[in-house]
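Here is the structure we will look at, set down as structure tokens.
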Amino acid sequence: MTVRGLPVRITPSGRRRGNDPAFAAELPMLRAAAALSDPPHLVSSPPLRSAGDPDPGAGRSPVMHAFTHPSHNAADPHDIDDRPARALMSPAHPKDKAAARAGVSIAGFSLKPADIATAAAAAVFVGALLGLVLWVASSTSQLLAALGGGSLLHHAARMLGANLDDLPSANGSAGTVPAAEAATPGALPPPPPPHAGPHEHGAGGLLGEQFGLGSFGVASGSLTIMLVGSMLAVLRYVKDYLTESLESLYVVTAHFSSTDESYVWVLSFLADHHISRRARDFSVSSSFYHITGFDDDADDDKDETPEDIRARDALEEPGPVRKRIQYLPAPGRHMFWFNGRLFWLNREESQPSQATRVETKESMTIKTFGFAREPLEQLISEMQRQYLAKDTSKTVLYVARGDWWSRQAAKAIRPLHTLILDDGVAERVIADAREFLASEAWYYERGIPYRRGYLLHGPPGTGKSSFVAVLAGALRLNIYMLNLNSAGMDDSQLVEALNAVPKRCIVLLEDIDALFPKRKLKHAADAAAALSGKGDGGDAAAGKEGDAAAAAAGGGKEGEEQPASRVTLSGLLNALDGVAAATGRILCVTTNRIESIDAALLRPGRIDFTVRLGFATRTQTERLFKHFYSDYGRRVGVLPAAKDGDRNNNAAAGSDVDDAAAKEPHTATAAAAVVATGGGDELAEMAKEFAAKVPEGVFSTAQINGFLIMHKSAPRAALELADAWVAEESARLAEAASSA
Ligand SMILES: Nc1ncnc2c1ncn2[C@@H]1O[C@H](COP(=O)(O)OP(=O)(O)OP(=O)(O)O)[C@@H](O)[C@H]1O
């Protein structure tokens with residue numbers, strides 16, 4: 001089955017996971033079964049791999065993956081799945097294999113011999129059970145009749161001192177008691193004859209006498225109770241068994257787990273479906289839109305443009321933004337119709353994840369009557385289609401939670417032009433990654449593992465994480481972020497997590513150097529070296545800037561002993577390119593200190609392309625300035641006067657802001673002046689001047705951004721205050737370096 005050219009894999013349902021050794025042993029069998037038969041149980045599973053879609057962008061879309069066909073093992077580098085997409089079908093239970101054989105067709109339903117045999121067996125079983133129940137019922141009533149019926153009740157009441165007048169008699173009339181006993185109400189029955197003591201009859205005998213029964217009566221009563229109890233237990237078991245058997249025959253079930261992308265399709269479908277609006281038992285989600293990334297405006301599927309945001313801001317009162325609330329069907333059973341067919345959804349209560357004990361996993365089933373899976377497959381397909389229609393312009397971020405990935409957020413794609421790097425750096429990496437995505441066959445033919453790794457290194461705030469976001473956006477891939485220090489993460493969880501990423505995605509490993517205890521930094525010398533490189537170009541600070549920046553940031557990272565991760569280096573290396581490692585993924589590793597990374601991690605095959613992002617060069621600073629005020633020419637004249645916030649920020653910079661801001665072309669007259677002189681040229685001029693004031697190779701792009709943000713609508717103010725800011729920042733750097 002394909003949806004927009006993407007395969008939807010349907011796999012055998014089961015409650016056990018891949019990390020269950022017994023389950024792993026059965027995996028080959030399940031895979032073989034998956035290729036053979038056509039069961040009524042479907043299950044969504046972690047995205048082990050994606051199809052070899054030649055369009056790199058297509059790979060970011062969620063695809064159902066699971067136990068793949070033996071000839072398409074995800075660990076096999078020769079594994080190229082560019083066959084026409086199809087659903088792998090397999091039985092939910094081994095006994096269902098028989099159901100795959102041909103059968104008869106009745107009223108449009110295809111009945112297989114196994115179905116008929118099971119139905120016949122069920123009918124015989126139900127008949128036998130009914131006979132047994134009737135027999136027990138009649139025996140019980142005969143037994144009670146033989147024991148005197150209501151006398152039991154009477155004796156019990158007498159034991160408890162109840163008013164016998166309130167009790168029904170054996171023949172149905174109230175308050176009738178034997179004359180002898182009526183004369184002395186409440187008196188106990190006469191003592192037993194000496195020969196009938198407890199030693200002869202045991203406790204049962206005594207009780208029996210108290211109740212006017214013989215030992216035989218007590219034994220029979222107990223037996224009856226036992227029989228009825230056992231019958232009830234058997235009945236319950238039989239009911240469960242029959243329900244399960246009948247369901248497996250006449251109901252088709254799809255299982256969804258929150259560890260799989262398909263879960264979001266269902267949630268998204270439900271969010272739009274009227275059962276979410278009508279369900280009287282519903283759950284409330286305030287994070288739904290953050291996680292799915294779907295637009296807050298229910299009536300449009302497009303992204304908000306900057307103009308939309310400005311218009312919205314103009315309407316909204318300042319203050320916390322109200323989160324949009326989404327109602328979803330609560331855990332439990334809910335019915336709905338789709339394509340004229342009844343489906344029922346069962347949302348299970350969430351379970352804490354085994355790995356983290358904090359994150360919760362949820363599961364859902366959707367069922368429908370019938371023999372054929374097509375209606376359910378069509379529903380799943382429609383859910384995916386609707387989801388993809390909404391999810392075209394987002395980069396989805398997943399975070400590893402032990403051995404599974406939790407969808408964390410979906411963000412608008414970050415455009416390339418928002419990342420200001422040295423000319424051509426970003427373009428080179430993007431071109432390399434594009435070529436990689438298009439070369440699967442080439443890797444296959446040469447027996448080279450189909451993987452690519454990029455290392456981005458440089459001081460904090462130079463755009464490493466931003467680079468990954470831009471790369472993901474350009475390639476239309478999702479990001480799977482590994483936090484090796486997260487709770488529950490160890491070598492085996494890491495392998496599981498990495499094996500569960502789809503083929504086309506970016507696996508992001510941030511701050512790899514922080515994984516292992518850090519070496520002491522030589523802050524003073526390094527920061528001084530970075531500062532002495534002032535104006536000499538980025539190379540002067542090469543290799544030192546990370547430490548200098550760390551020092552500038554307050555020395556927070558200096559000499560810290562990081563909590564050692566439970567993931568070992570060899571575990572990481574194995575997970576990245578061991579035998580079982582996933583193919584087709586792009587690995588992005590970021591670090592502030594490349595020198596502290598083990599050489600084994602950097603060897604080709606693990607890291608194929610190293611990019612150094614250093615402190616801002618003159619060209620970068622100039623471009624950054626232009627980028628910041630890119631609408632300068634357009635917006636002059638329509639801008640409101642500088643807001644109080646800007647003034648405060650500027651004042652915080654310790655400068656004579658108001659004077660500088662007053663010179664900005666905020667008024668219509670000033671706007672006319674700028675237009676007359678050509679805003680673009682003026683901006684270019686200011687950018688050049690600004691870049692000349694900021695020493696090259698000393699400040700990170702994030703630092704310069706921070707300064708410009710304080711004057712976001714006042715480029716001239718930024719220009720005039722640049723000298724003061726540079727002096728202040730340099731002093732701070734020097735101080736941090738000397739105190740280190
Ligand atoms: N070259 C750049 N172009 C545009 N913006 C940048 C650039 N570098 C940094 N920024 C901005 O600075 C902020 C921090 O950037 P980012 O997190 O990408 O840096 P980083 O190098 O990953 O930092 P760290 O090493 O501390 O994780 C972001 O808001 C980002 O947009």
Side-chain angles (χ1 to χ4, degrees), residues 306 395 397 399 409 411-430 454-474 479 481-485 506 508-515 518 521 526 530 538 541-558 560 562 588-597 610-630 687 690-691 694 696-710 712 718 729 736:
T395 300
L397 178 72
V399 176
K411 300 274 181 201
I413 283 174
R414 181 162 179 173
L416 175 60
H417 74 265
T418 64
L419 184 69
I420 315 294
L421 298 180
D422 273 345
D423 280 343
V425 172
E427 288 79 0
R428 269 204 306 282
V429 177
I430 291 171
Y454 299 93
L455 174 76
L456 305 163
H457 71 101
T462 48
K464 298 179 293 296
S465 311
S466 309
F467 194 126
V468 177
V470 165
L471 184 66
I479 298 175
M481 196 164 114
L482 275 174
N483 178 2
L484 301 187
N485 279 323
I506 291 180
L508 173 60
L509 200 46
E510 288 247 58
D511 297 325
I512 185 83
D513 52 289
L515 249 184
K518 291 186 173 177
L521 301 179
D526 293 342
K544 314 286 186 187
E545 67 269 66
D547 298 341
K557 291 181 175 178
E558 184 207 356
E560 280 174 7
Q562 296 290 319
C588 286
V589 177
T590 72
T591 179
N592 294 337
R593 291 183 298 132
I594 190 172
E595 70 280 0
S596 68
I597 299 182
T610 300
V611 184
R612 182 178 163 275
L613 303 183
F615 285 133
T617 60
R618 186 144 297 154
T619 332
Q620 262 179 294
T621 309
E622 193 178 324
R623 284 178 53 206
L624 210 55
F625 192 92
K626 283 189 197 158
H627 173 65
F628 246 82
Y629 304 108
S630 56
F690 179 76
V694 177
E696 195 166 27
V698 172
F699 299 118
S700 69
T701 23
Q703 272 174 295
I704 300 173
N705 266 1
F707 170 69
L708 294 178
I709 284 173
M710 291 196 298
K712 62 177 176 298
E729 282 297 301

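Basis for what follows: all heavy atoms, side chains included, without hydrogens, waters or symmetry-related copies. In listed order, ligands and their atoms are each counted from 1. All residue numbers refer to positions in the sequence shown, counting from 1.
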Q: Report the C-alpha distance between Val468 and Ile506 in whole Å, list the side-chain angles of each, state the deciding distance to 0.1 Å, and finish with yes or no for side-chain contact (heavy atoms from CB on, under 4.5 Å).
A: CA-CA 8 Å; Val468 177; Ile506 291 180; 4.0 Å; yes
Q. For ligand 1, which atoms, with element, lie under 4.0 Å from some heavy atom of Leu421?
A. 1 (N)
Q) Hey, which atoms in ligand 1 end up nearer than 4.0 Å to a heavy atom of Thr418? A) 3 (N), 4 (C)
Q: Please could you name the atoms of ligand 1 that Ile420 approaches to less than 4.0 Å, counting only its heavy atoms?
A: 1 (N), 2 (C), 3 (N), 4 (C)
(Q) I'd like to check whether Gly461 has a polar contact with ligand 1, where a contact means an N/O of the residue lying under 3.5 Å from an N/O of the ligand. (A) yes
Q) Is it the side chain, the backbone, both or neither of Arg623 that has a heavy atom closer than 4.0 Å to ligand 1? A) neither
Q: Would you sort out whether Gln620 and Asp422 count as a side-chain contact (heavy atoms from CB on, under 4.5 Å), showing the intermediate values?
A: CA-CA 6 Å; Gln620 262 179 294; Asp422 273 345; 3.7 Å; yes
Q: Examine the proximity of ligand 1 to Asn592 and report which part, side chain or backbone, both or neither, has a heavy atom under 4.0 Å away.
A: side chain
Q) Are any of the side-chain heavy atoms of Leu624 and Phe690 separated by less than 4.5 Å? A) no
Q) For ligand 1, which atoms sit closer than 4.0 Å to a heavy atom of Ser466? A) 15 (O), 16 (P), 18 (O), 30 (C), 31 (O)
Q: Examine Phe615 together with Phe699 and report whether their ring centres are nearer than 6.0 Å.
A: no
Q) What about Gly463: any of its N or O atoms under 3.5 Å from an N or O on ligand 1? A) yes
Q. Should one rank Leu456, Asn705, Thr701 by closest heavy-atom distance to atom 5 (N) of ligand 1, which comes out on top?
A. Asn705
Q. Quick one: which of His457, Glu510, Lys464 has a heavy atom closest to atom 25 (O) of ligand 1?
A. Lys464
Q: Report yes or no: does Gln703 have a heavy atom closer than 4.0 Å to ligand 1?
A: no
Q. Could you walk me through whether Leu397 and Met481 pass the side-chain contact (heavy atoms from CB on, under 4.5 Å) check?
A. CA-CA 7 Å; Leu397 178 72; Met481 196 164 114; 4.1 Å; yes
Q. For the side chain of Arg623 and the backbone of Leu421, is there at least one donor-acceptor N/O pair under 3.5 Å apart?
A. yes
Q. Looking at Ile704 and Ala616, what are the two nearest heavy atoms and their distance?
A. CD1-CB, 3.6 Å
Q) Just distances here: any N/O of Thr462 and N/O of ligand 1 closer than 3.5 Å? A) yes
Q: Provide the number and element of each atom of ligand 1 under 4.0 Å from a heavy atom of Arg414.
A: 4 (C), 5 (N), 31 (O)
Q | Beyond-backbone contact of Thr591 with Val589, side-chain heavy atoms, under 4.5 angstrom | A | no
Q | Main-chain N/O of Arg618 paired with Glu696 side-chain donor or acceptor, under 3.5 Å | A | yes
